[in-house]
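Heavy atoms only: backbone and side chains are in, while hydrogens, waters and symmetry mates are out. One-based numbering, in listed order, for ligands and for the atoms of each. Because the structure is a prediction, the values reported are computed rather than measured. Starting from 1, each residue takes its place in the sequence as its number.
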Amino acid sequence: MSPSFASEATRARVRREGRWNGAVTSRALPDSSDEVAALAPDLRVRMAKIWLSQAATEARVATSFGRIHESLVALGADAGLIALSARAVDDEHRHAALCEELAGRYAGRVIGPHPTLPDAGPQHPRATSETQRRALWVVGQCALNETFAGAYLSTAWRGATAPLARAALRELLEDEVDHARVGWAFLASSDASIRDQVSDWLLPLAVCNLRAWRRLDLPDDQSLAGLGVPQRSDAHEALTDALRGVLVPGFAHVGLDTTALERWIAQGAPV
Ligand SMILES: [Fe+2]
Ligand SMILES: [Fe+2]
């Protein structure tokens, strides 16, 4: 899809920093003119704001994946993982352009560029080495954050009935699943000393990550579910299910100690 409602500034950044061929989705987005025209003006404004905000978040994740890529190189990770993390930078830039495209379609005009969010990447000041700090970045961004993203997007996609939202959410979801795999494959291929250094941090990493996801500004009801914005309680349930059903078994599978994580989940995963 060649975007027509994404801002020139964002398209230029994608071209500059990624390997963009001009398409921000692997399949064409549906023609949404009738779908969007049928919405009330205030709803269109609200949806435009939601997608513009999402564009800003995606761009920040692109910066974060730049750090993940550097870290995987520094950690001597598998070449395939290093390549996948480089592609993730490109993916996240394309996601930003895709989200701006949706924002523009709802607004009926280009409303980007999206704001630039501060890169609030975790510093992990108590990490005892650069190796540990880098491993924590990879696990926090990929295994945790991208797995939560997958859970959130799956719920959003299942509830969405609007063709435009379904197409965009599917595009995002397919990439986030690959991004999560970077974290799992990194852990599975790391030596025991790296895994030991990550084990003690699983609980704080999960608490911080889940806290950020639970802070998402979501409706109390199903009013936007058809447009791909789930009710808060549904999203929170999906996140908790991912914690219990994907993250704990996944970390245990690669040999990490999940005792503290499981105890926290049994207490309701307070953040
Ligand atoms: Fe993304
Ligand atoms: Fe991602």
Checking Arg166 against Trp157: charged group under 6.0 Å from the ring centre and within 45 degrees of the axis?
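Positive - Arg166 is close enough to the ring of Trp157 and near enough to its axis.
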
Between the side chains of [Y] and [X], is the shortest nitrogen-to-carboxylate-oxygen separation below 4.0 Å, so that they form an ion pair?
| X | Y | value |
| --- | --- | --- |
| Asp178 | Arg181 | yes |
| Asp191 | Arg195 | no |
| Arg15 | Glu8 | yes |

Ignoring hydrogens and geometry, is there a side-chain-to-backbone donor-acceptor pair from Ser32 to Glu35 under 3.5 Å?
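Not confirmed, Ser32 side chain does not pair with Glu35 backbone.
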
Atoms of type N/O/S from protein, distance to the Fe ion (ligand 1) below 2.8 Å
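Count of protein N, O, S atoms less than 2.8 Å from the Fe ion (ligand 1): 4.
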
Per the salt bridge (Lys or Arg N to Asp or Glu O under 4.0 Å) rule, what does the pair list look like for residues 113-126, sequence neighbours excluded?
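Qualifying pairs: Arg67-Asp119.
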
